Amino acid sequence: MRILILGSGGREHALAWKCAQDARVTEVLVAPGNAGTAREPRCRNVALDIMDNAAVVAFARAHADLTLVGPEAPLVQGVIDALRQAGLAAFGPSAACARLEGSKSFAKAFMQAHAIPTAAYASFDDLAAALAYLDAHPAPIVIKADGLAAGKGVVVAMSDAEARAAVQDMLGDQVFGSAGARVVIEEFLQGEEASFICMVDGQHVLAMASSQDHKRVGEGDSGPNTGGMGAYSPAPVVTAAVHERILQKIIAPTVAGMAAAGTPYTGFLYAGVMIDAQGEPYVIEFNCRFGDPETQPVMMRLESSLPELIELALAGQLDRAQARWSPQAALGIVLAAPGYPGPLHTGELITGLDDEEGSQVKTFLAGVREQEGRFYVQGGRVLCVTALADDVAAARQKALTRLAALHSPGSHYRRDIGARAIARE
Ligand code: AMP
Ligand code: GLY
């Protein structure tokens, strides 16, 4: 079996690494891939514009038995619809389903219609109306650009001035272009966040192991939001009771609601949830894909074959699937480029990548360029060192030890990933 994976981040490196472990998989093609997927056994990078549906279909028809998609942009643009129309096997949501991530106002209206717990909200495309709403709803309050804004379209405003500035930026000055031509303004939720990711076959659900991401750039959850500075699995805040509540109150009505609308959901479905002091979950956002960096620790704990689970999903038989998870904890720490998440300084040399890692530590690459056997910083999130160990504290220690042997001037990482879980341990 040959598998095509679209994307070029650490998530795609982890998915490719995991798929390549299935003995039936002869080759994993990653488009465009990165320096990590280029070096992974049985993986190969291919040059392909993943935003060109026709090109993806032509390539998949010639070279792949199954296509997986990492990032949201091609999904929102309908790459799965195009592959399916061509009769090709592809696991992911249709464009209609990907609106759960691609349009926050769609997602909020959907949740309201199906009584799925989420923050109260209103949506606006008129600046004066949005500002008038803020007059009646003081900070803290959350402002979100409706469309895809590369993870930057959310402002958690702790003051009224910040809230007004965010609305002015999006609706007045169009800083996110058409993605911010409409905004969702929603109630500020308190609690602890977790990432709840499932596989969905249109009807049945197979939950992946729970995880927790760390969005802020600085230790103690300080500084601006990023794409994610580290993640670990499992997330102890997702107790068995919370897990069941998320399935019953969030995932089941979402899957049923999409099916009832004539657009059954297939693919990975990611609910970012806030869990309050009573253990009640509220949806912060839906994503129509696996998380980055959640994929890295979650794939490290998955003992079942990922391609086998995906085949069951494509056959509509996820009710017969069981995923086996390592009882150990996995934790990934992201090394970020100088300046990230602001303007980047790229091009610095990275040393230490060739060191032996052993079976319980794995460095997944993202924004790395290889040239003549040397590695250089190319993107914001450079790599994610991921480790397995008996508990979260030990996994963090292993990851930190590995990171101490990697050097790249000016790059930075958080030493406190997993702090909430470790406090519980
Ligand atoms: P998102 O880009 O939607 O993942 O949002 C980025 C981050 O903003 C989330 O991970 C939360 O930490 C925070 N956030 C989003 N919506 C809310 C909300 N309604 N209440 C509190 N925090 C939120
Ligand atoms: N780690 C958050 C995301 O993938 O959106």
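Both ligands and their constituent atoms are indexed starting at 1 by order of listing. Quick note: numbers below take in every heavy atom, side chains included, and nothing from hydrogens, waters or symmetry partners. Computed from a predicted structure; not experimentally measured.
The closest side-chain heavy-atom distance from K18 to L302 is below 4.5 Å. Residues I275 and V273 have side chains in contact (heavy-atom distance under 4.5 Å, counting atoms from C-beta outward). Put simply, the side chain of L127 reaches to within 4.5 Å of the side chain of V167, judged on heavy atoms.
Applying the 6.0 Å contact sphere to CD of Q190 captures no more than 12 heavy atoms from other residues, nucleotides or ligands.
Proximity of the aromatic rings of F124 and Y133 is defined here by a centroid distance below 6.0 angstrom, and this criterion is met.
Residue-level proximity to ligand 1 for L189 is carried by backbone and side chain together, each with a heavy atom below 4.0 angstrom.
Short contacts between ligand 1 and K144, defined as distances under 4.0 Å to a heavy atom of the residue, involve ligand atoms 15 (C), 16 (N). Those atoms of ligand 1 that come under 4.0 Å of a heavy atom in E186, given as number and element, are 16 (N), 17 (C), 18 (C), 19 (N). Against a heavy-atom cut-off of under 4.0 Å, E285 is close to the following atoms of ligand 1: 1 (P), 3 (O), 4 (O). Below 4.0 Å from some heavy atom of E193 lie the following atoms of ligand 1, by number and element: 9 (C), 10 (O), 11 (C), 12 (O).
Assignment of E187 to the shell around ligand 1 is supported, since a heavy atom sits closer than 4.0 Å.
Between F110 and F106, the two ring planes are parallel [angle under 30°; tilted spans 30° to 60°].
A salt bridge (Lys or Arg N to Asp or Glu O under 4.0 Å) with D221 holds for exactly one of K215, R216, R414; it is R414.
Closest of all the heavy-atom pairs between L148 and V76 is CD1-CG2, 3.9 Å.
Annotation: ligand 2 has protein neighbours D213, K215, G227, Y270, N287, R289, G291, D292, P293, E294, each with a heavy atom less than 4.0 angstrom from the ligand.
A donor atom on one side chain and an acceptor atom on the other are found under 3.5 Å apart for E192 and Q212.
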